[in-house]
Amino acid sequence: MLQPYNPNIIEKKWQAVWEKERAFATSNDYTRPKYYALVEFPYPSGQGLHVGHPRPYTALDVVARKRRMEGYNVLFPMGWDAFGLPTENYAIKNHIHPRIVTENNVKHFTDQLKMLGYSFDWDREVNTTDPKYYHWTQWIFLKLFKAGLAYKTKMPINWCPSCKVGLANEEVVDGCCERCGTPIYRKQQTQWMLKITAYADKLLDGLDLVDYPDRVKTSQRNWIGRSTGAEVDFALTGTEDKLRVFTTRPDTLFGATYMVMSPEHPAIAKYADRIENMDAVKAYQEEAAKKSDFERSELAKDKTGVELKGLTAVNPCTGKEIPIWISDYVLMSYGTGAIMAVPAHDTRDWEFAKVFGLPIIEVVAGGNVQEEAFTDVATGTMVNSGFLNGLEVEEAKKAIIAWLEEKGLGAPKVNYKLRDWVFSRQRYWGEPIPIVFCDKCGAVPLPEEELPLLLPEVDSYEPTDDGSSPLAKMTDWVNTTCPCCGGPAKRETDTMPQWAGSSWYYLRYTDPHNENCLADPEALKYWLPVDWYNGGMEHTTLHLLYSRFWHHFLYDIGAVPTIEPYQKRTSHGMILGEDGEKMSKSRGNVVNPDEVVAEYGADTLRAFEMFIGAFEQYAAWSTEGVKGCRRFLERVWKLQEMLKDGEEYSKEMETRMHQTIKKVSSDFESLKYNTALAALMALVNEFYRVKSVNRAEFKTFLLLLNPVAPHITEELWETAGFEGRCYNSRWPVYDEAKTVEDMVELALQVNGKMRGTISAARTADRETVLAAAKEALAGKLTGTIVKEIYVPGRIVNFVVKG
RNA sequence: GCGGGUGUGGCGGAACAGGUAGACGCAAGGGACUUAAAAUCCCUCGCCCUCACAGGCGUGCCGGUUCGAGUCCGGCCACCCGCACCA
């Protein structure tokens, strides 16, 4: 009598066996071929794992398990991105130290991940809040500082009044805090910045070296936003001064009929005495300052502005005096904060000119510039442009830049949308920034021997409204001596953002316990780059970009051996609630993996997560679908009852077995987990149809299913008495020649319409097949056959007339 | 506005390289087993017409290429995501 399938028992059993056998420990034998599979380490939140986590984890666990069976030395690690606001907020509310909160959450997450049977190498677990880890986060910061890539500056930052913290541009979504949704506003504050802009070109060029999805590459490129053009100086009438602008269309310079400055442009204050309508200008400035970024971009794109009466500029090409306006459609943060307006060939300038009745002069023929701006650069010829007349746009660009350079009026210039990275947070639960401020020596880096700079114990983690960190109240800690001159100095009290620790964690996994450097160079050389990194699309312009930046920097200082950190990147689709909406507590559609495992087992959950749909697309949870996967595993379990002897595939199964090995092997490599599982289900259906599975077939089947459902396959492997363990057996191989059937069903068509099928040998010759086809279609072939098409193994088509 | 993506049964989704559309799963209907139910096993399952055979229609819409189009080309439409006055 067959025992019923009881996942709760066998899953615990095998998890214990694997742990005892150190089944998934990474080898330190650097002569073996390596494979580094990485999933984004989670933030250990208080809610625990939700069913979204297992989708990417299972997918890469499948890859990792398959690679081990193929003989690779596999690094598949897990860790904790544990600094962060929710932990700190929870700590404040419940008066528990965030360290304790983190410990508890990590424990909970670990238990949940172990329950799901992942083949992580737990000996290599890292935790960003561990001083032994953040030692090296701080070390990298010091290197950045010494390289001039970390600097402190007073600037308007994105302030979230709810989190009481400054945010990076990447953390602002629709003008609101990415985390809590509160509208942010601009606040002047001194901030640490990282000069990611210095790496803009390297980050762009590096994309050509890696295998990322196009959508990821494209959004990184757009975010960096490189644009080439020129800077041009316009003389200010009656002064020695120039007004410098950036333009991507220097070719249209003859058509510049006015200029626009950002309301924050410093020239306004400088020439206040010349500006006749200063009251109106000031009013406009105040109006613009009051608007949040959100309002400035989202609300009415209707153009507004004020002319600076009494201040004009000179078009360097035409020599004509042109007016200067201020308008909030020109941003101080991009280019020079001022533009030359060419209404005939720029949509925004055109709209502005229409509102204020400014002249529109066509300089590129090809459109009707009184009706709309003509912005096409591919067609069109220069007109009304002096020496440029008759040139194509691209030729004109070169010519005008050469002319500007010769006259000393301008030069080629590249601009980026990318801004430097706001790197300080006014909160407690983050890495302390290892810098002290000395009246004599300025900002002084801590000596590297003094790292890690430990996060001090404080009485209150409460953030302050004035924007200073909770650490600022710790005067014992804040007051220190200058490492440089020995005089009194104060410590930096802001901490690093959560993105710091995650920017290099994949390096630490290669050598997680090293106390002398961030990781042994030999280990880095062997393991890098990460072969396959899966993570969320939401990190494309955050974590993924930040960590590439750090890696490029570390490469430049010789700390890592590769230019790029990740060779291949994939992104999973989110798991939605059963209602098709994003899972959230407020909607009440959250599915808890613990309950799914308790009711159906981890193998069922894993199988369902892989079967739920195309890996890169969103998928809605389905309780019925989960049951379907459990049903499949029950059918697998009961294959034991029809198990027959046989050390080779049976005749009737042979082709099917080879086909399935081929299909599953390639699908596991190309994110098609759903169809791999479908092929395995179909194979089981076939075993049921013939009411038989022999030992050779069963063994191969177990190996193919093992990466997805490791527990049940291990149990069946043992029960069947196969040698060793399933997890460390060799991945099955197929014979290409044996994947094709000898006899095939050919589709018969008349004028491209299906009219029947015949069975024929795959290699049957044309005459034989056409004769058989005509016989089969007797009666349906009326008229004259004008063409006969035969594609061996596929189709016969007769083209008939009359 | 710019960029990216998606559109196939009642549902999730398959379809190599242009070659039998709907694999696999879910739901539904029918049958077997059972005192009964659950579970399990077997059968049916795109739409229209037909008792059945045979046929007609069908992959968002319109057109094109081809012996043959879900797949290629041109033109639209809808929805989703990202960026967004970036000069």
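Below, each value reflects all heavy atoms present in this structure, side chains not excepted, and no hydrogens, waters or symmetry copies.
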No-H, no-angle donor-acceptor pair, A:Lys303 side chain to B:C85 base, under 3.5 Å: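 Such a pair exists between side chain and base.
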For [N] and [M], measure between their [atom1] atoms and round to the nearest Å.
{"N": "B:U8", "M": "B:A23", "atom1": "C1'", "answer": "13 Å"}
{"N": "B:C80", "M": "B:C67", "atom1": "C1'", "answer": "39 Å"}
{"N": "B:G60", "M": "B:G10", "atom1": "P", "answer": "14 Å"}
{"N": "B:G64", "M": "B:A28", "atom1": "C1'", "answer": "41 Å"}

Please classify the nucleic acid contact of [X] as base, sugar-phosphate, or nothing, using heavy-atom distances under 4.0 Å.
{"X": "A:Gly628", "result": "sugar-phosphate"}
{"X": "A:Lys753", "result": "sugar-phosphate"}
{"X": "A:Gln749", "result": "base"}

For A:Glu669, what residues pass the side chain to side chain contact (heavy atoms under 4.5 Å, CB included) criterion, not counting sequence neighbours?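 Here the qualifying residues are A:Lys66, A:Arg67.
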Could you label the plane-to-plane angle of the A:Tyr258 and A:Phe352 rings as parallel, tilted or perpendicular, counting under 30° as parallel and over 60° as perpendicular?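 Parallel, since the angle between the ring planes stays under 30°.
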Aromatic plane relationship, A:His345 with A:Phe374 - under 30° parallel, 30 to 60° tilted, over 60° perpendicular: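 Ring orientation of A:Phe374 relative to A:His345: perpendicular.
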RNA chain B: stems of at least 3 consecutive Watson-Crick or G-U pairs whose donor-acceptor distances fall under 3.5 Å: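 If one scans RNA chain B for consecutive Watson-Crick or G-U pairs, the stems found are B:1-7 with B:77-83, B:10-12 with B:24-26, B:28-32 with B:40-44, B:46-48 with B:55-57, B:60-64 with B:72-76.
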A:Thr375: side-chain hydrogen bond (donor to acceptor under 3.5 Å, both in side chains) partners, not counting sequence neighbours: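 Once residues adjacent in sequence are excluded, A:Thr375 has no partner under the side-chain hydrogen bond (donor to acceptor under 3.5 Å, both in side chains) criterion.
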Would you give a per-nucleotide map of nucleotides 2-16 of chain B, 5' to 3', where B means the base has a protein non-hydrogen atom under 4.0 Å away, S means only the sugar-phosphate does, and - means neither? -SS-S-----BSSSB
RNA chain B: 5'-proximal contact among A:Arg249 and A:Ile789 (nearest heavy atom):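 So the residue in question is A:Ile789.
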Judged by each residue's nearest nucleotide on RNA chain B, which is more toward the 5′ side, A:Val799 or A:Tyr334?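 It is A:Val799, whose closest nucleotide lies nearer the 5' terminus.
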B:G9: syn or anti, per glycosidic angle within 90° of 0: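 Syn, angle within 90° of zero.
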Check this for me: does any side-chain nitrogen of one of [X] and [Y] sit under 4.0 Å from a carboxylate oxygen of the other?
{"X": "A:Glu624", "Y": "A:Lys627", "answer": "yes"}
{"X": "A:Arg630", "Y": "A:Glu599", "answer": "no"}
{"X": "A:Arg244", "Y": "A:Glu231", "answer": "yes"}

Are there any protein N/O atoms within less than 3.5 Å of an N/O atom in nucleotides 38-47 of chain B, and if so, which ones and at what distance?
from: B:C41; atom 1: OP1; to: A:Arg635; atom 2: NH1; distance (Å): 2.8

With the side chain of A:Arg755 defined as its heavy atoms from C-beta on, choose the nearest nucleotide among B:A27, B:G55, B:C24.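 Closest of the options to the side chain of A:Arg755: B:G55.
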Between B:C24, B:A87, B:G19, which nucleotide has the shortest distance from any of its atoms to the side chain of A:Val330?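 The nucleotide sitting nearest to the side chain is B:A87.
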Between A:Asn685 and A:Arg635, is there a side-chain donor-acceptor contact under 3.5 Å, judged purely by atom types and distance?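 Yes, A:Asn685 and A:Arg635 have a side-chain donor paired with an acceptor closer than 3.5 Å.
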Ignoring hydrogens, what is the shortest heavy-atom contact between A:Tyr284 and A:Val306? Give both atom names and the distance.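 Result for this residue pair: CB-CG2, 3.7 Å.
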Listing request: all salt bridge (charged side-chain N to carboxylate O under 4.0 Å, His left out) pairs with a residue in residues 671-684 of chain A, at least two apart in sequence or in separate chains.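 Sorted result for residues 671-684 of chain A: empty, none.
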